[in-house]
Amino acid sequence: MMNNSSSVSSFLNFLTKEVDNLDNLFLSHDNFLSAKFLQQVLSSLRNFHSELTILVQKLNLPIGEKWLDEYMDETSMLWESCHVLKSGVSSMENYISSGANIASLLVNRQLSSQVIRSIDRCQREMTALQEENKSIVETKLIQTLSSLRFVVNKENESKFNKYNGFRGVLCAMRGVSTLLLEILISGLVYFLPEKTSFSQEGLTCTGGYQIGANLHRRMVEGMIRFNESGPRILLFELQKARFAVDEVKMEVEMENYSDIHEKVEKLKNCFDDLKCGVEGIIGQLDDFFDEIVDGRKMVFDMCSNR
């Protein structure tokens, strides 16, 4: 029993330390929701899942009881949410391609009319991207995350110790996972302030055990600040690329080519950074899918072989 208690405490301490590390990383970054920060958020989510799977092996959980369904539900939520994340991130590829085309035309000194048409096409891609990703969030993700927040807030505290504390662990895991997923959704898919927990006061798990309260508060403050420009995809590199396109368009329309080379280099660098960030996120998500499948198989095999 003491061993089970120690394993549970170690897991909760791990959650707390990992989220505190994210909070410190966020404070060290000037760029709100950069690809580098969001990659670390996703990495933490993967670490949580890996440690949860290891914990299942340590707790000597009873075969054939509800804990297995709850574990499978938790990993299914991660699987489904991350597939929607990948769908939203992958939608940026057309925009990245059209941005690269602008730079190519300018480097090859094409006519300004061709450049303007390419810029207009790129801006239409941005509009389509925002609309498509907003629809993804509204139809596929919000309901899942809302139901998870309900579980976290309404779970009966007396049940937290059931299954050697595993139910309390799942509650803490859901709270932290929901927070991290909402950060990823806001940065990579679409930020809808009225549909996220960023208008609430922290996340409370396992009978008052607070994990991620500081990070949540900083997200709320950041979202309020950036929401002045309206709901949108908040990824820093995407916004930087959009501003670079606007700058180039203004220079071309004014036929001001005196410092166009500098603007083109900035445009190329912005889209290179965006492409690199997007590819890194997609690669991590693909690895995470494999880890979820392997973890579920390991837990199922563990139960079958007892």
Side-chain angles (χ1 to χ4, degrees), residues 1-19 41-86 140-141 143-182 184-185 203-207 209 211-212 284-306:
M1 187 67 171
M2 182 64 70
N3 186 50
N4 287 334
S5 177
S6 175
S7 297
V8 168
S9 295
S10 294
F11 180 82
L12 293 175
N13 288 336
F14 171 76
L15 287 184
T16 302
K17 182 178 179 180
E18 192 81 5
V19 174
V41 171
L42 182 53
S43 178
S44 294
L45 196 62
R46 292 171 61 189
N47 290 340
F48 295 159
H49 168 263
S50 176
E51 290 297 318
L52 179 68
T53 304
I54 293 171
L55 180 65
V56 169
Q57 301 173 72
K58 294 179 178 179
L59 292 183
N60 193 30
L61 297 164
I63 299 300
E65 295 200 23
K66 194 176 179 181
W67 71 266
L68 181 58
D69 291 336
E70 294 175 357
Y71 169 84
M72 293 298 179
D73 288 345
E74 180 70 21
T75 54
S76 290
M77 181 277 296
L78 289 172
W79 172 272
E80 293 168 5
S81 297
C82 287
H83 266 287
V84 178
L85 274 174
K86 184 178 178 181
K140 296 182 179 180
L141 271 179
Q143 185 175 358
T144 299
L145 295 179
S146 296
S147 64
L148 280 170
R149 286 197 297 273
F150 178 80
V151 171
V152 170
N153 293 327
K154 300 299 183 181
E155 183 75 68
N156 190 331
E157 293 181 19
S158 66
K159 297 180 180 179
F160 286 156
N161 290 326
K162 194 168 184 179
Y163 307 127
N164 298 330
F166 185 66
R167 179 164 285 169
V169 162
L170 278 181
C171 181
M173 177 78 172
R174 287 187 190 117
V176 176
S177 295
T178 303
L179 171 60
L180 299 194
L181 283 168
E182 287 191 334
L184 290 167
I185 291 164
L203 295 173
T204 303
C205 304
T206 58
Y209 189 96
I211 302 177
Q284 272 208 69
L285 287 169
D286 287 339
D287 290 341
F288 195 15
F289 296 142
D290 292 339
E291 292 162 7
I292 292 173
V293 170
D294 291 343
R296 287 166 67 93
K297 183 178 184 301
M298 185 278 297
V299 172
F300 185 77
D301 288 347
M302 180 189 74
C303 294
S304 301
N305 294 331
R306 278 192 192 175

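Hydrogens, waters and symmetry mates play no part in the numbers below; they use all other heavy atoms, side chains included. Worth saying up front: this structure is predicted, and the values here are computed from it rather than measured. For the single chain, residues carry numbers from 1 onward in sequence order.
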What residues form a salt bridge (charged side-chain N to carboxylate O under 4.0 Å, His left out) with E70, not counting sequence neighbours?
-> R167
Got a sec, which residues hit salt bridge (charged side-chain N to carboxylate O under 4.0 Å, His left out) with E291, two or more places apart in sequence or on another chain?
->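 Here the qualifying residues are R46.
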Sub-4.5 Å side-chain heavy-atom contact between [X] and [Y]:
X	Y	answer
F14	E18	yes
R296	I292	yes
E51	I54	yes
R174	L170	yes
L52	Y71	yes
T75	T53	no
L59	W67	no

Measure the spacing between [atom1] of [X] and [atom2] of [Y] and express it to the nearest 0.5 Å.
X	Y	atom1	atom2	answer
E74	S177	CD	OG	5.0 Å
S81	L180	OG	CG	11.5 Å
D294	K297	CG	NZ	8.5 Å
L61	F166	CG	CZ	6.0 Å

For the residue pair [X] and [Y], what are the closest heavy atoms and their distance?
X	Y	value
V19	G212	CG1-CA, 3.4 Å
L181	L85	CD2-CD1, 4.1 Å
L55	V8	CD1-N, 4.2 Å

Got a sec, which residues hit ring pair (Phe, Tyr, Trp, His ring centres under 6.0 Å) with F289, two or more places apart in sequence or on another chain?
-> W79, H83
Would you please name every residue forming a side chain to side chain contact (heavy atoms under 4.5 Å, CB included) with S43, sequence neighbours left out?
->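 Q40, N47, Q284.
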Tell me, please, which residues at least two apart from S10 pass side chain to side chain donor-acceptor pair (under 3.5 Å).
-> none
Results of side chain to side chain donor-acceptor pair (under 3.5 Å) for D286 - residues two or more places apart only = K86
